[in-house]
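Remarks on the structure that follows.
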Amino acid sequence: PVGARSRCTLFLGQRGMGKTALLLELSDRAQNENYVVARVTAHEGMPQAIIEQLQLNGSRYFSEGKRKLTGIRAGALGFSFGLTFSETAERQYGFRSKMSLLCDRLAEKGKGVLILIDEVRTSPAMREVAAAYQELVGDRKNIAIAMAGLPHAVSGVLNDNVLTFLNRATKVELGLISTNLIRAYYAKAFRSIGIVVSDAILDRAAQSTHGFPYLMQLIGYYITQYTPENGTITDKVMDEAENAAMNDMDDNVFKPILNPLSDNDKIFLRAMAQCGGIVSTAKLQAALGKKGPSIQPYRKRLLEAGVIESPRRGELVFAVPYLAEYLLLEKSR
């Protein structure tokens, strides 16, 4: 119902956990449920981008949208035709007022509004969108919002004084998938398209993903590419699929994670990689030759960037599978 808590949802997860894919799925489903969707990535121009997306995606429901402006009088208050604002509304109204007008105009066609925001973080634009959403909910508009981001980035949003109402949002944490579930999914998916797969290969394919959703997608995709139609998945196919998947991980995950980091951040991460597994703070300090709180700035920054996680107090672990191996390999080159 309008105003329900579930209409505001936060998806939390590290890189590669499927946040963006989930927002895309929500977009498809919402359109089938009579919602007009604005899907954006958080940035300073986000409010205007949301307005434009709603106008573009909602225009199909207004036949007059194809008519020319010349000689047309204003129809619904604030609009010249369709979902195009009148010159007065465009000039004088801000984001919140324009959103209210769009919600009312779309409601005339039985449509609600869904805003999807990826890579959410604290910013003036985020405050503007969230404050407007809260007011629109108070006005009983048919609107919903779903956001996705790294846990520490979203934590900053929740701790913002202007955005504290988002603490009441439904929170969904996305993590690693059980390799048993991945194995079962692969078995069903491969056999449904006529590919023959042994139990041993299913075990290998599932284990190679480390439960990482993005790797699950990549390895599954490349297996289907390298296996002949109605053929059998062999160890050679698996070798090719794993190599191709790791090349994509290099380009789409590891490099984008590491490129923005400082040289000292990378030294910190390589020391973690050399320690192996779950690393205690004491062991890391010894590896870096540092004492006391000197490593805290690097730890804090890398936690906020979603590169590492702290499963327990005084312990650190890499947030992305194979990143430790990538760092060690990179150093040996």
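From a predicted model like this one, the values you see are computed outputs, not experimental measurements.
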Heavy-atom closest pair, residues [X] and [Y]:
{"X": "Ala205", "Y": "Ser208", "value": "O-OG, 2.7 Å"}
{"X": "Ala287", "Y": "Ala271", "value": "CB-CB, 4.3 Å"}
{"X": "Val40", "Y": "Ala49", "value": "CG1-CB, 4.0 Å"}
{"X": "Ala245", "Y": "Leu218", "value": "O-CD1, 3.6 Å"}
{"X": "Ser294", "Y": "Lys290", "value": "OG-CB, 3.3 Å"}

Taking [X] for the side chain and [Y] for the main chain, is one N or O donor matched with an acceptor at less than 3.5 Å?
{"X": "Ser97", "Y": "Gly94", "answer": "no"}
{"X": "Thr224", "Y": "Tyr221", "answer": "yes"}
{"X": "Thr227", "Y": "Ile223", "answer": "yes"}
{"X": "Ser310", "Y": "Arg313", "answer": "no"}

Applying side-chain contact (heavy atoms from CB on, under 4.5 Å), run through Val320 and Met249 and close with a yes or a no.
-> CA-CA 10 Å; Val320 178; Met249 286 284 286; 4.3 Å; yes
With a 6.0 Å cut-off (strictly less than), is the heavy-atom count around [atom1] of [X], excluding the residue itself, greater than 12?
{"X": "Asp263", "atom1": "CG", "result": "no"}
{"X": "Glu229", "atom1": "CD", "result": "no"}
{"X": "Arg15", "atom1": "CZ", "result": "yes"}

Taken in chain and number order and not counting sequence neighbours, the residues that satisfy side-chain contact (heavy atoms from CB on, under 4.5 Å) with Arg183 are Asp199, Leu202, Asp203, Ala206
Going by heavy atoms in the side chains, are [X] and [Y] under 4.5 Å from each other?
{"X": "Gln55", "Y": "Phe62", "value": "no"}
{"X": "Leu258", "Y": "Leu327", "value": "yes"}
{"X": "Pro124", "Y": "Glu44", "value": "yes"}
{"X": "Arg301", "Y": "Leu261", "value": "no"}
{"X": "Tyr322", "Y": "Val253", "value": "no"}
{"X": "Glu119", "Y": "Leu150", "value": "no"}
{"X": "Asn142", "Y": "Arg7", "value": "yes"}
{"X": "Met126", "Y": "Met46", "value": "yes"}

Rounded to the nearest 0.5 angstrom, the CE-CD1 distance for Met272 and Ile278 is 10.0 Å
The reported gap from CZ in Phe95 to CD1 in Ile51 (rounded to nearest 0.5 angstrom) is 5.0 Å
Listed by chain and number, what are the salt bridge (charged side-chain N to carboxylate O under 4.0 Å, His left out) partners of [X], not counting sequence neighbours?
{"X": "Lys300", "result": "Glu304"}
{"X": "Asp251", "result": "Lys255"}
{"X": "Glu315", "result": "Arg312"}

Exactly one of Leu269, Asp265, Leu284 clears side chain to side chain contact (heavy atoms under 4.5 Å, CB included) with Tyr298, and that residue is Asp265
Of Leu102, Val129, Ile145, the one forming a side chain to side chain contact (heavy atoms under 4.5 Å, CB included) with Ile50 is Val129
N/O donor to acceptor pairs below 3.5 angstrom from side-chain atoms of residues 19-27, sequence neighbours left out:
from: Lys19; atom 1: NZ; to: Gly13; atom 2: O; distance (Å): 2.9
from: Lys19; atom 1: NZ; to: Gln14; atom 2: O; distance (Å): 2.9
from: Thr20; atom 1: OG1; to: Asp118; atom 2: OD2; distance (Å): 2.5
from: Glu25; atom 1: OE2; to: Arg29; atom 2: NE; distance (Å): 2.8
from: Glu25; atom 1: OE2; to: Arg29; atom 2: NH2; distance (Å): 3.4
from: Ser27; atom 1: OG; to: Gln31; atom 2: NE2; distance (Å): 3.2

ask   = Between Glu90 and Lys98, does a salt bridge (Lys or Arg N to Asp or Glu O under 4.0 Å) hold up when you go through it step by step?
value = CA-CA 8 Å; Glu90 188 67 60; Lys98 288 178 179 177; 2.8 Å; yes
Practice item. Test side-chain contact (heavy atoms from CB on, under 4.5 Å) on Ile143 and Met99 and set out the steps. Key: CA-CA 10 Å; Ile143 187 169; Met99 284 296 300; 3.8 Å; yes
- Just do the side-chain contact (heavy atoms from CB on, under 4.5 Å) check on Gln53 and Val37 with the steps written out, would you? CA-CA 7 Å; Gln53 285 271 308; Val37 179; over 6 Å; no
Residues at least two apart in sequence or cross-chain that pass side chain to side chain donor-acceptor pair (under 3.5 Å) with Tyr222, listed by chain then number, are Asp248
Start with the C-alpha distance between Ile177 and Tyr185, add both sets of side-chain angles, then the distance that settles side-chain contact (heavy atoms from CB on, under 4.5 Å), and finish with yes or no.
CA-CA 11 Å; Ile177 304 171; Tyr185 171 78; over 6 Å; no
Apply ring-ring contact (aromatic ring centres under 6.0 Å, His included) to Phe190 and Tyr186, showing your working. CA-CA 6 Å; Phe190 295 146; Tyr186 278 160; 5.2 Å; yes
